[in-house]
Every structure is written in structure tokens, then in C-alpha cells.
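One structure is given below, encoded as C-alpha cells.
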Amino acid sequence: MINLTINGKAITAPEGSTILEAARANGIYIPTLCYDEAVEVYGACGVCVVEAEGVPKLLRSCSAKVSEGMVINTESERVVKSRKIAMELLMSAHDGDCVAPCQLACPANTDCQGYVGLIANGEFDAALKLIKNKIPLPASIGRVCPHPCETACRRKKVEEPINIAQLKFFAADIDLKGESYLPPVAEETGKKIAIVGGGPGGLTAAYYLRQLGHEVTVFDMMEKMGGMLRYGIPEYRLPKAVLDSEIALIEKLGVRLCNNVKFGRDITIDMLKKVNDAIILAPGAWKSSPMRVKGEEYDGVWGGIDFLRSVIKGESVNIGDRVAVCGGGNTAMDACRTAVRLGAKEVYVIYRRTEAEMPAEEIEIKESKEEGVIYKFLTNPTEIHAENGKVVGMTLQLMELGEPDASGRRRPVAIEGKTEYLPLDSVIMAIGQKLDASDFSDVELTDRGNILADEDTFMTNIEGVFAIGDATNKGASIAIEAIGEADRCVKIVDAYLKGEQFEIDTPYLSKRDDDKVDVSDREVVPRTNASVLDANVRNKCFDEVSLGLTVEEAQKEAQRCLECGCREYFKCKLLNVAQRYDIHPERFEGEMPQKYTHDENSFIERNVSKCILCGLCVRSCREVMDIHAIGLLGRGFSTSVSPAFSLPLDQTKCTNCGLCVKLCPTGALTEKSTMKKQVPLNEQYSVERTNLDGKDCEVLVSRYNGKVMRVIPNDENARSVDRQKLISKFTEE
């Protein structure tokens, strides 16, 4: 036995063993990417180097033998620097996505590719559980999210992005119609957390904190939980019965929900701190932003959020026949489409730029036009006119586009002397919203009047008090942004409650250059969108516009996914080593030595562009299996792993034993995707009749595995009765 020291630890190792073997036998980690006990030592990757006292050069631990009295340092400054350079060189020639662009674009970091793939395979329950790892309200969010994931979806390079949002609520709807999934709850910790605000951020924080075993109470000033999901989004986009079902599951998990409790009036930070170990402020942004236009104080002028909230609460809203909605975002779309449904005969959208610059979703603009909304682009309100204090009209300044501003959009510039008068009964100003800061004087605020919270830890200026969502820092954003913040905040709060430090770091991920991605070999398959109510029906009621995807449609749509993210992500050795060092492969950026190709047989998919030339596949095929199906082709930077004469794998002696796949450290070799190509037709439709409110109604009912999935009115009687009653009748039956 040989005596030696590694990282200050005296150990013994058999004579003839390597430094790597000695370290591993004693629980000391040394990274390596090209080593495996089954094959001869190759020493290709260069990341297993160590420093030995008295030896001028670094040693490759996979091949260097131990010697008596040897003193080894596996993490010296010199070693780390060498490994960092080795990793940068390897990663500079590694062309692959660790994670799909859709997931990276999602503020909640939802594994879109994962659940889309599960839906494609008909594994709907597994898809729902994966979604709920990040989003506790998927049926609601799937209906209202402006889906930045789809904007990033690489399928748009073929034809159109995957319909990710509707696939999300498809899986969630199936779950809600059966025995809904509830995640396990950890053993009680005895820690208490108070959350102020029952919107998407507050409810998400409550959901995940409860799973960790903490006692959670959510306080909200409104009659019901949901925040802006309930009071800021119309029924035709998000039926409140769906939201209620999802909130009920959070409550069933053990979260205590307290409504009609206003912060600053009924509870204060001091009160909450006396009985709680931590507080999360998630009050939302409930105050409409003013336009600072002359006359906006007149009767008949509404803030966008105030208007929507009043309608949703069932309050009397007299907007008259002629309504103008000022703004170009999704709140403006909700307001104008709601005004149509309230019976307004002329509904205008006033927007100072062109349609191309509107931030609202394209589908919202399209559907609003179908419902009769009139758009007046390149116009801007200058004055609201009134008679006896009541709105009668508005003067619009005509605009033209000038140079781009900070947002990248061309700045609207007034055309001198050109105005237009528009006779009106009401004006709805949907240009933004903010925190009502009057109740939050105890916490430090930004110069914009929002709660100041650390961008990484979400901590406020008060010990044990955290803040998330629309009320913080940069202000109001989309619901999925608040959900993502809540998920990250939970990890911080949990560590805080345990007295631990939570390490905040950004993991290294390999990302492909979108401009260089070639999808020309992909078959063009049109996107599947859910059917919608006819415009002449939906503009007269608040029934949900989208009828949702059928099982067949959902699976067909999910199978369009390009599977951009690496299937080996969770076990990739290359990525694991990359996380240990602050690497910057762009320092060695150049032309990729390997073309991005997919070469596969019946069982193995081979992607040479992810290969780091570790040689494990070649050596295992030759030394262990004695097959010699693949080898190293070419020299220098152009070297690649390939069958002889670049033949397809199916034309070699390959037996599909899978050893090469098992040993590959990068995902260059993977098992072929098992995504099913046949769509099971498990959803049945039937024309049925029922009597409701004294009317004989004909409906189209779809059932999946015995569950009522959707009830679609099929005659005038069915369209004239309450849609929710109709749905409930068939669901109960």
C-alpha cells in the first residue's frame, strides 16, 4: 500500500493505482469526462488534472500513478484555472441546447418541452404534475398567459409556434374534471408565514410553502381570492368557476384563506410579525394609472382596471352607446371587448402608434375586430369634453411615427394642426396600473411608489418581510411573472426560516444560436388552435370564447414539438462539470467544427454537434463489445465520431446494445424518442338534449374516459341560457 495525501487528508492506496482511483476510493471528487473503468485510459478531456508537490506540470489523475509520500491538491488555483480553460474549449465546440428556448423564455421556468412531450404520448396526468411543479393555477394561466414561451418557440422557423398555452390548460382541465392531483406535504415545521395578497403571486407562494410543511395564511382585501385573475380578467377569457376550482385545491392542501381583510386597516406588519415567522407582501397593483389628459376627472371616465373590476363584481356600469378605450395592451383589449358585451354600439380603441407596435396579443386584436371594435391608430387624446360634468366627446391629436425610442418602437410624433373630435359617452383609460401605496408606508418604496425589494432575495427593508409581484420594483407585469417570482421567493423564505444561506447563482447552460438553426428538413404541419364561439354569439354574452382542444387535437399539436432541449439534461456529465467553474466559452468562439446533424437508427439517435470527442463510445464499442462499428474520422478540429465511410448506423455491425449511449457524457448519443405517432381517439362526441330554464336545448357533449370535457351549445335555445348552468347540469349527471 502507498501512503499519500490528497487535499490535506492522509490516505493509502494500492500500489499501481491511479490518483483518480485513490481519490474516488476515499470519497474525494475529481471531475472527468473521458474516463470509465470499462475501457483503457484515454486522457482526452483534460479536466481531471491535479497538482502534485514538487512536480512542475499538472498531472492527469486518470493516468498518473500514486507514489509514496505524494502530496496532491485537486482544487488549487492552478488546477481550477486549467480545468476552466479545458471546459471552455470543450464547450466552445459543443453546439446544443441544454434547455429548450420555450422554457428559458418562461418567467416561471416551466418545463414546456417536458409536458408537451407527455401530452403527445397521452400521459396527461404526468403532464399536469410536471406543470404543477412550477404553476399551481395551470387551467387559469393557460387561458390568460400571453405565452412568451411561444414567442421563443423554434417551431416558428418551420411554420408556427407550438400552441403551448392551450396545451397547458388542456391537461389542467382534464385534471379538474376528475380526481384532482394534490402534491404531498412535508412534515410540519412549526413555522408560520403570512401572505398579504391572494393573487397569482400570493397563491403560488402559499402553495409551495405549504408543500414544504409550513403553516400558511393568505390575507386578501377582496370578497374572493384570485386577485387580478378574478377581478381584472373578464369571464369570457377566464371562467371564474375554473379559478375557483384551482383555488379550492390550494385550500385543500392546508392553506388558510382569509378574505375581506385589508392591509393597513385590519392588519399591519407589526401585528403579523407577532404571530408569524415571515411575511410575504404580494398585494398587486390595483390603482389605474392616470393619462394626465384634461378632463379625465369627468363622470364617464374610467380607469381600465376599475372598469373591469366593477363589471366582474356585477356592479351597475353605465357606459352608454359610444365608448373609447385608450391603450394598446391586453387590459385595453379586455376593456373594449367587455364594452361590446355590455351593449355599447360603437367601441373605439385609441392607440398612438400603429397596429404593428401594439403590445396586445395578435389573437385579442383579431377577435375584437370580429366582434365589432373599431381601431383608431396614430391618434392620442388631448382633451376629454363634458356637458354638465358628463363625458360627451374627446379631441384626438393625429400622430405619425418618428425615430425609435428606448423600447425600440418608433416614437409617435404629433402632426401639428391636425386633430379629430370623437363624440362619446364614456372613456376607459387602460394605460397601466400601480400600487396604492397609501397602506404601505411602513416599507421602503421606490421613487415610482412601488415596494422596494431586493431583486435576488425579495427582502424588503424590514427583517423577515419579503415582497413579490406587481407591487414591487418595476411595477405591474404579467401573471406568470408574479408566479415565477413567488416560486423563487419560496426557496429564499424556506432557507430564511431554517437559518440557512440560500446560494443565488445562475447556472451555466449551453444555448444554440437561433440564427444558425436549420429546420429545413422538417415537414410543415399547421398549428392546431382551439375552436371558438362565433363572433355574433360571443359579442352578446360572457361565455368562454375558447372551446379548448380535444384529445385528438392536443396530441396532434403536441407532436409538432421539435424537442430542442437535451433529453440528457438531468444526467449530463458535461453540464455538471461546467457548473463547478465560472466558464466563458465565448472566449474561444469560432466556426463550429461539426455540422449540427441528426443521424439515427431504430434505437439510437446520434447528434455529432454535441460530441466533445471523449472517445468513450468508440473505445467501448471496440474494447468491450469488439464490434468496431464507429471510429474517429478526420483530423484536428474537423475530427468527428462516425461509422466507416460515414455510413448510417443501420449499415454497420451495430447491435444497438446501448453501451455507447450509457457512457456518453453529453447527450450526443441518446435513446431514440419514443413519442407516439398514432393518436388514440379516446374522446367521443354526442348530440344530446336537455331542458333548462324551461327551454329545450340541443348541445354537443364531449366525454373523455367518462368525464364530461366540454358542453357546446348547438341551437339558439342552448345559446340563450346560462352557459355555466348548462355545463353544470351535464357534469352533475
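Note that the coordinates shown come from a computational prediction; the quantities given were computed from them, not determined experimentally.
For the 3.5 Å distance criterion, the side chains of Asn529 and Arg527 qualify, holding a donor opposite an acceptor. In summary, the side chains of Asp111 and Asn133 do not present any donor paired with an acceptor at a separation below 3.5 Å, with no hydrogens or angles considered.
Between Tyr35 and Glu21 there is a side-chain heavy-atom pair separated by less than 4.5 Å.
Under the ring pair (Phe, Tyr, Trp, His ring centres under 6.0 Å) criterion, Tyr208 pairs with no residue, sequence neighbours left out.
A salt bridge links Arg155 with Glu159: at least one charged nitrogen is closer than 4.0 Å to a carboxylate oxygen. Remark: Glu557 engages Arg560 in a salt bridge, criterion side-chain N to carboxylate O under 4.0 Å. Under 4.0 Å is where a charged nitrogen must lie from a carboxylate oxygen, and between Asp494 and Lys498 at least one such pair does. With salt bridges taken as basic N to acidic carboxylate O contacts below 4.0 Å, none links Lys610 and Asp95. We find that Lys571 and Glu568 are joined by a salt bridge, their nearest charged nitrogen and carboxylate oxygen being less than 4.0 Å apart. Checked for salt-bridge contact, Arg567 and Glu605 meet the test: a charged N lies under 4.0 Å from a carboxylate O. Between Glu88 and Arg587 there is a salt bridge, with a side-chain nitrogen of the basic residue lying less than 4.0 Å from a carboxylate oxygen of the acidic one. A salt bridge does not link Lys662 with Glu671: every distance from a Lys NZ or Arg NE/NH1/NH2 to an Asp or Glu carboxylate oxygen is 4.0 Å or more.
The side chain to side chain contact (heavy atoms under 4.5 Å, CB included) test with Ile627 is passed by exactly one of Cys621, Cys660, Cys654: Cys621.
The ring of Phe466 has its center closer than 6.0 angstrom to the ring center of Tyr496.
The backbone N or O of Cys617 lies less than 3.5 Å from a partner atom in the side chain of Ser620, making a donor-acceptor pair. Between the side chain of Thr204 and the backbone N or O of Pro200 there is at least one donor-acceptor pair closer than 3.5 Å.
Taking a 6.0 Å sphere around CD of Glu500, one finds it holds more than 12 heavy atoms contributed by other residues, nucleotides or ligands. By the neighbour-count criterion of 12 heavy atoms within 6.0 Å, atom OH of Tyr581 is densely surrounded, having more than that number from other residues, nucleotides or ligands.
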For residues 40-51, dump all side-chain donor-acceptor pairs below 3.5 Å to protein atoms at least two apart in sequence or in another chain.
residue: Glu51; atom: OE1; partner: Ser76; partner atom: OG; Å: 2.6
residue: Glu51; atom: OE2; partner: Arg78; partner atom: NH1; Å: 3.2

Could you go through residues 135-143 and list every donor-acceptor pair under 3.5 Å that involves a side-chain atom there, pairing it with any protein atom two or more places apart or in another chain?
residue: Ser140; atom: OG; partner: Glu246; partner atom: OE1; Å: 2.8
residue: Arg143; atom: NE; partner: Glu544; partner atom: OE2; Å: 2.7
residue: Arg143; atom: NH1; partner: Ala139; partner atom: O; Å: 3.0
residue: Arg143; atom: NH1; partner: Asp173; partner atom: OD1; Å: 3.0
residue: Arg143; atom: NH2; partner: Asp173; partner atom: OD2; Å: 2.8

